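Heavy atoms only: backbone and side chains are in, while hydrogens, waters and symmetry mates are out. The sequence lines fix the lettering, A, B, ..., with proteins before strands; numbering per chain opens at 1. Here the structure is a predicted model, which means the values were calculated and not measured.
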Amino acid sequence: MTSTLIEAAGLVFQPYVLGVIFCSAVFGMFVGAIPGLTATMATALLVPVTFFMDPVPAIAAIVTATAMAIFSGDIPGTLLRMPGTPASAAYVQDAFALTKKGTPELALGASLVFSSIGGIFGTLVLMTASPVLAEIALKFSSFEYFWLVVLGLSCAVFISPGSAARGLIALFIGLFAATIGLDNPAGAPRYTFGNVELLGGVQFIPAMIGLFAVSEVIRGFIHRRNTAPPPKTGNSSIFRQQFANLKKYPVQALRGSVLGTAIGALPGAGADIAAWISYAVSKKFSKTPEKFGTGHVEGIVEAGASNNGAMSGAWIPALVFGIPGDSITAIVIGVLYIKGLNPGPMIFITQPQMIYAVFIVFLLANLMMLPLGWVAIKSARQVLSIPTRVLMPIILMFCMVGSFAINNSVFGIWLMLIFGIVGFLMEENDIPIAPAILGLVLGPMLEQNFVTSMIKSDGSFVAFFERPISAGLGMFTIAIWMIPLVMLVVRRVRSPKPAMPDA
Amino acid sequence: MRVTDLTLGILTLLGGIAIYLSAMNFQAIPGQEYGAGTMPRAVAFVTGLTGLYMIVEAIMSGNRGIGFRFAEWTRSGAALARVATVLLLILGYILVSPIVGFVPTTIVVLVVAMLTLGTRLVPAVIVSVVATIVIQQSFGKLLLVPLPRSDFLSFLW
């Protein structure tokens, strides 16, 4: 263990890796601070660059950029009432109210310090829970993995905003895209239409850039949002008030961290949902719920800790089972596969130093957040003054070059364009994007485990419930599907019938 | 463009049927019943069920309209023109950059995109040239991505 830790530290504490971490931190801060550009988009734009790195700096870049982006999304939320990322939207009302009262530093300081606390807590849970879960996961067969994937996809469908049916449509778009190409149990070409490039399947990175980034660029061209310059952040200390906040709200900080990490660890649920739930919980248990929304820092403390906790928690199922906790870890899993690091319990045995390196990077990222966040808050006015009419075309260019760089072929840009239009149309129809990405990433794993299980069981579905953990996971998954249906029927039966008009 | 719930249900059902039919001929693993068609058929089956559910739900809740309505922004000719421009710029880049090269194509794409969004000409040209050089140097030189070369500004390579 100690030697592994030393080896992992050796992988991280190198000038090149530290330089990558620093640059990604600045990049993440910048992207997160621009309204409309999310932490997921920061990851999507970063992936083509990480393609050319060794595994440790590549993962370090993504971890750092996303952690920073989730925090810096609070900056425009606080100063302009325009949350930089959806994860910041939950408490934007309180943060902006504090700005109107002339104390934006109080909101930004709370968000920064408690983001860091939440992130470190989530990392500690990740460090302790993952190896234990990995030991259990070693005993899993294709049946357990089949149910785990179905469970993850089910959670993604039910947790996504909008109706479950729309979430399912998104999921099927992703699963269908995953069936394209030669990579299937029989090795037969599927939906390639004679195109040689499609034999390799839908490349994940251009598809993801299209779904997340290009669809956002198209929207940017439609609405041509130009933000007003933000108010100046004053000269009072960002950190001074936070010790008092920590003393005043220790339960809230801990509850936000715990809940955020737990929600993040659920397959399919990420920082956005964690922040909303934690804000609601904070208000529910607060002694002064009437102050929420009027510039009260309590909700910012809890939800701020929660969204960064979720970011770390989402890595637990991603590393242990290869099943992403949210759309960012879905992208990360794609990157891990590209790097030859197949996530799953075996990686804890074959390459433990890589896993510990990831843990160290998480801790570093969350500690670096404090000084870099301070700089970001102080320079917020300059960053937010960059007009989107200049930024959007440059982002579009990065998308195209990034999609090209994966295979050095314009086919990647074709894929990006098609998925960009699909993503745009999906959002126009309230169909969420995240389940489609999860479907695309988990499709091959689902297929492999489903077909293997069917062959092993000779086509009998009973075998899916014969092993105890498999049966438990299966019943849990079925319950997730059945409970909403049962509740719907109960509501229909209980609802009073409309009175018949008199004849 | 936003389709009605009933239309979305019908399209989903038709999509499921199309995937199922197209997966009928995929070959199985030799000696097995399962193979390349198993997963697409399973996806098609559940897609069809989802479509049916949406159709029934739309009819029961009284949303029986079929078709689509255009979003609010489509009433603005300028917004439509901007969307058409961005799509044509991507298409143009795909078709032209392998012939003309990365640097000139990128400068033109960036300048046109910025002008479309309302940036004035001189700042648009200056920012576009600088951004092109930064992207070319970072991807082309640093990361060794073989971006399409050109004689224009050849000293950059």
Participant: Does A:Arg190 reach the main-chain N or O of B:Ala36 with its side chain, forming a donor-acceptor pair under 3.5 Å?
Facilitator: yes

Participant: Only pairs of heavy atoms separated by less than 4.5 Å count here; which of A:Val49, A:Leu425, A:Val217 has the most with chain B?
Facilitator: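 When all of A:Val49, A:Leu425, A:Val217 are compared, A:Val49 has the most.
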
Participant: Under a 4.5 Å cutoff for heavy-atom pairs, which residue among B:Thr116, B:Thr50, B:Ile94 has the most contacts with chain A?
Facilitator: B:Ile94

Participant: Quick one, A:Val390 with B:Met114, criterion side-chain contact (heavy atoms from CB on, under 4.5 Å). Give me CA distance, side-chain angles, the key distance, then yes/no.
Facilitator: CA-CA 6 Å; A:Val390 171; B:Met114 284 184 200; 4.3 Å; yes

Participant: Just give me the residue among B:Ala71, B:Ser22, B:Ala79, B:Ala28 that pairs up with chain A most often, heavy atom to heavy atom, under 4.5 Å.
Facilitator: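 Answer, by heavy-atom pair count under 4.5 Å with chain A: B:Ser22.
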
Participant: Is chain A contacted by the side chain of B:Val112, its backbone, both, or neither, given a heavy-atom distance below 4.5 Å?
Facilitator: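 Neither part.
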
Participant: Picking from A:Phe172, A:Phe52, A:Phe398, which has the most non-hydrogen pairs under 4.5 angstrom with chain B?
Facilitator: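 Ranked by heavy-atom pairs under 4.5 Å with chain B, first place is A:Phe172.
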
Participant: Return the option, out of B:Leu110, B:Val134, B:Thr38, with the maximum number of heavy-atom pairs under 4.5 Å with chain A.
Facilitator: B:Leu110

Participant: Report the distance from atom OH of B:Tyr34 to atom OG1 of A:Thr452, rounding to the nearest 0.5 Å.
Facilitator: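 Atom-to-atom, B:Tyr34:OH and A:Thr452:OG1 are 12.0 Å apart.
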
Participant: Is it the side chain or the backbone of B:Met54 that comes within 4.5 Å of chain A heavy atoms, both, or neither?
Facilitator: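 B:Met54 touches chain A through side-chain heavy atoms alone.
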
Participant: Could you check if a side-chain atom of A:Glu428 sits within less than 4.5 angstrom of a side-chain atom of B:Trp73, using non-hydrogen atoms only?
Facilitator: yes

Participant: Within this structure, what is the OH-CZ distance for the pair B:Tyr93 and A:Phe404, rounded to the nearest 0.5 Å?
Facilitator: 6.5 Å

Participant: What part of A:Met416 gets closer than 4.5 Å to chain B, counting heavy atoms only: side chain, backbone, both or neither?
Facilitator: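 It is the side chain, since no backbone atom gets that close.
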
Participant: Would you mind telling me which of A:Asn184, A:Asn429, A:Leu171 has the largest number of heavy-atom pairs within less than 4.5 Å of chain B?
Facilitator: A:Asn429

Participant: In terms of heavy-atom proximity below 4.5 Å to chain A, should B:Glu33 be classed as side chain, backbone, both, or neither?
Facilitator: neither

Participant: What part of A:Ile421 is in contact with chain B, defined as an atom under 4.5 angstrom from a non-hydrogen atom: side chain, backbone, both or neither?
Facilitator: side chain

Participant: Do B:Val127 and A:Ile394 come close enough that some side-chain heavy atom pair is under 4.5 Å?
Facilitator: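 Side-chain contact under 4.5 Å: yes.
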
Participant: Between A:Tyr191, A:Phe176, A:Trp414, which residue shows the highest count of heavy-atom pairs closer than 4.5 Å to chain B?
Facilitator: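 Highest number of heavy-atom pairs under 4.5 Å: A:Tyr191.
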
Participant: Measuring from B:Ile90:CD1 to A:Met397:CE, what's the distance to the nearest 0.5 Å?
Facilitator: 9.5 Å

Participant: Out of B:Asp5, B:Thr74, B:Val111, which one racks up the most heavy-atom pairs below 4.5 Å with chain A?
Facilitator: B:Asp5

Participant: Search all heavy atoms of B:Leu117 against all heavy atoms of A:Gly220 and return the closest pair with its distance.
Facilitator: CD2-O, 4.0 Å

Participant: Under 4.5 Å from any heavy atom of chain B, what part of A:Met400 do you find: side chain, backbone, both or neither?
Facilitator: side chain

Participant: With a 4.5 Å cut-off on heavy-atom pairs, point out which of A:Leu175, A:Val401, A:Leu168, A:Ile218 contacts chain B the most.
Facilitator: A:Val401

Participant: So does B:Arg69 have more than 12 non-hydrogen atoms from other groups sitting under 6.0 Å from CZ?
Facilitator: no

Participant: Using non-hydrogen atoms and a 4.5 Å limit, figure out which bit of B:Ala44 sits close to chain A: side chain, backbone, both or neither.
Facilitator: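 For B:Ala44, no heavy atom lies under 4.5 Å from chain A.
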
Participant: Where do B:Phe26 and A:Pro189 come nearest, in terms of heavy atoms and distance?
Facilitator: CE2-O, 3.9 Å

Participant: Contact part of A:Leu396 toward chain B, heavy-atom cut-off under 4.5 Å: side chain, backbone, both or neither?
Facilitator: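 Side chain only.
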
Participant: For the atom pair CG (A:Leu391) and OG1 (B:Thr119), what is the distance rounded to the nearest 0.5 Å?
Facilitator: 10.5 Å

Participant: Against chain B, label A:Phe424 side chain, backbone, both or neither, depending on which of its atoms sit under 4.5 Å from a heavy atom there.
Facilitator: side chain

Participant: Quick check for you: among A:Gly443, A:Gly459, A:Ala405, which has the greatest number of heavy-atom pairs under 4.5 Å with chain B?
Facilitator: A:Gly459

Participant: Which atoms of A:Phe221 are under 4.5 Å from chain B, going by heavy atoms: the side chain, the backbone, both sets, or neither?
Facilitator: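 Contact with chain B is through both the backbone and side chain of A:Phe221.
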
Participant: Among B:Ile19, B:Thr12, B:Val43, which residue forms the greatest number of heavy-atom pairs with chain A at distances under 4.5 Å?
Facilitator: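 Answer, by heavy-atom pair count under 4.5 Å with chain A: B:Ile19.
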
Participant: What option among B:Ala131, B:Ala42, B:Gly9, B:Pro40 has the most heavy-atom pairs under 4.5 Å with chain A?
Facilitator: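 Among B:Ala131, B:Ala42, B:Gly9, B:Pro40, the one with the most close pairs to chain A is B:Pro40.
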
Participant: Considering only heavy atoms, which portion of B:Pro123 lies under 4.5 Å from any heavy atom of chain A: side chain, backbone, both, or neither?
Facilitator: neither

